[in-house]
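Remember, it's 1-based here, ligands and their atoms both numbered in the order they're listed.
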Amino acid sequence: MAAVEQVSNVFDTILVLDFGSQYSHLITRRLREFNVYAEMLPCTQKIAELGWKPKGVILSGGPYSVYAEDAPHVDQAVFDLGVPVLGICYGLQEIAWINGAKVARGEKREYGRATLHVQEVSCPLFEGVDNSTVWMSHGDKLHMLPEGFIVTATTDNSPFCGVAHESKPIYGIQFHPEVTHSSQGKILLKNFAVNICKANQNWTMENFIETEIQRIKTLVGPTAEVIGAVSGGVDSTVAAKLMTEAIGERFHAILVDNGVLRLNEAANVKKILGEGLGINLTVVDAADEFLDKLKGVTDPEKKRKIIGNTFIHVFEREAAKIKPKNGEEIEFLLQGTLYPDVIESISFKGPSQTIKTHHNVGGLLENMKLKLIEPLRELFKDEVRHLGELLGIAHDLVWRHPFPGPGIAIRVLGEVTREQVEIARQADHIYIEEIKKAGLYNKISQAFACLLPVKSVGVMGDQRTYDQVIALRAIETTDFMTADWYPFEHDFLKAVASRIVNEVNGVARVTYDITSKPPATVEWE
Ligand code: GLN
């Protein structure tokens with residue numbers, strides 16, 4: 001197979017070495033915001049094994065103390081690459097420590113805002129940066145200047161808040177420029193990447209499409225074929241469209257209708273992906289198979305497992321029916337993995353903890369001897385959305401709320417039956433329709449209806465009713481790690497409740513979930 005260029009070989013790349021700070025991925029994020037491609041790797045990365053040459057290196061912050069026995073240290077070969085290096089917080093302390101300066105616990109921890117005093121206005125890192133607010137998060141500090149370095153900035157508590165080498169392009173800062181609380185942090189990062197490292201600002205989705213299509217073509221070769229599951233969600237649709245652009249009919253998309261999709265979903269996906277986007281799509285109706293297996297099951301974890309396993313089973317069976325034109329077997333499996341999943345699996349979790357590997361469709365790969373193809377693995381969610389729009393995917397789909405793999409099965413609490421799924425599905429449809437009508441869909445990160453198997457008494461048309469409860473959930477979040485419930489107007493909730501009780505048989509009562517995450521999760525199961 002021909003060698004496949006890595007994205008980091010095609011685009012000028014800043015290497016971010018992660019020492020485990022909770023902000024490390026934000027460094028990557030910020031650089032990409034001004035069109036410089038950046039990739040994060042664990043701090044233990046051996047430079048000789050990198051396979052590409054970065055334009056510059058950033059050493060991130062981290063929870064350790066450089067002087068501690070088990071502290072992680074950078075491969076010193078980064079300093080022989082001949083490219084600029086910037087140390088942030090732990091990264092600064094690491095640079096100082098390597099260069100023989102004393103780093104120790106400070107008298108005062110510094111956490112939160114501090115005012116930066118730029119001492120060396122000619123330092124290219126601080127070009128256009130004023131004495132502004134910066135965000136600190138450290139307990140250790142430099143107690144002396146490493147040899148060959150000068151002070152470029154201070155704060156009241158940190159006399160060595162910014163340092164730079166006298167002759168080499170090595171810089172260190174004690175604060176975190178990647179967090180938005182550092183008001184001019186982005187200017188500083190841009191100074192480093194663009195002015196100091198001379199990285200090309202060509203990381204645009206237009207360029208990405210071009211290089212990625214080329215990369216897929218080379219990887220797959222002239223005759224091999226690829227399969228992939230689509231769900232109607234953003235990631236799988238964008239990945240499938242990209243594959244179609246690259247290899248046309250040789251990409252086979254499969255939508256498994258598991259019986260717990262949203263209302264009319266299978267038909268909609270067929271129309272939008274198949275007819276609209278020209279994706280070579282097969283829709284498999286396996287609803288009975290899934291629902292039969294779910295009979296009598298109430299435990300959420302069991303439901304998830306059954307759906308996951310049945311999915312693999314059905315997908316494999318359908319994939320076996322596809323006979324590639326080259327007379328061989330299907331060779332690749334498309335997976336819509338995004339960069340946050342990759343970060344999660346590679347980010348540095350410390351000397352004592354093993355690094356978590358990510359686990360998407362391991363089963364399929366093993367059973368079917370497929371090679372994995374992940375065209376979105378370098379992208380953040382908003383980049384995927386932008387890519388989707390450029391590929392001509394409808395705005396509504398590109399901005400769709402996330403939907404869980406086990407679907408409505410985990411939104412019907414208790415046993416999942418056809419009747420229960422139908423109630424949850426219809427209530428959800430009304431709720432989302434009203435949210436869209438009110439122009440709130442894009443303000444909310446995720447919204448859905450849950451069916452609670454609790455009977456409650458009602459009265460309709462003078463008749464006593466004894467029916468179930470629908471709980472509505474809507475949350476706002478930036479990362480889904482924490483979330484708050486969305487503050488709807490009362491009139492909105494009133495209208496939705498009245499429509500659901502009137503239009504959906506089997507519902508007597510509607511409630512609104514006002515719990516944040518934590519302590520609650522986004523989904524109910
Ligand atoms: N652990 C180091 C300290 O406490 C570095 C902290 C950081 O990188 N945020 O100073």
Do you see a donor-acceptor pair shorter than 3.5 Å between the side chains of Thr13 and Ser8? no
Among side-chain atoms of Ser236 and Ser231, is any donor-acceptor pair under 3.5 angstrom? yes
How many angstroms lie between atom CG of Leu92 and atom CG of Leu59, to the nearest 0.5 angstrom? 10.0 Å
Not counting sequence neighbours, which residues clear salt bridge (charged side-chain N to carboxylate O under 4.0 Å, His left out) with Lys186? List them please. Glu33
By chain and number, the residues contacting ligand 1 below 4.0 angstrom (heavy atoms only) are Gly61, Gly62, Pro63, Tyr64, Cys89, Tyr90, Gln93, Ser137, His138, Gly139, Asp140, His176
Do Arg385 and Asp235 sit within salt-bridge range, that is, some charged N less than 4.0 Å from a carboxylate O? no
Any Lys/Arg nitrogen of Lys443 or Glu476 sitting under 4.0 Å from an Asp/Glu carboxylate oxygen of the other? no
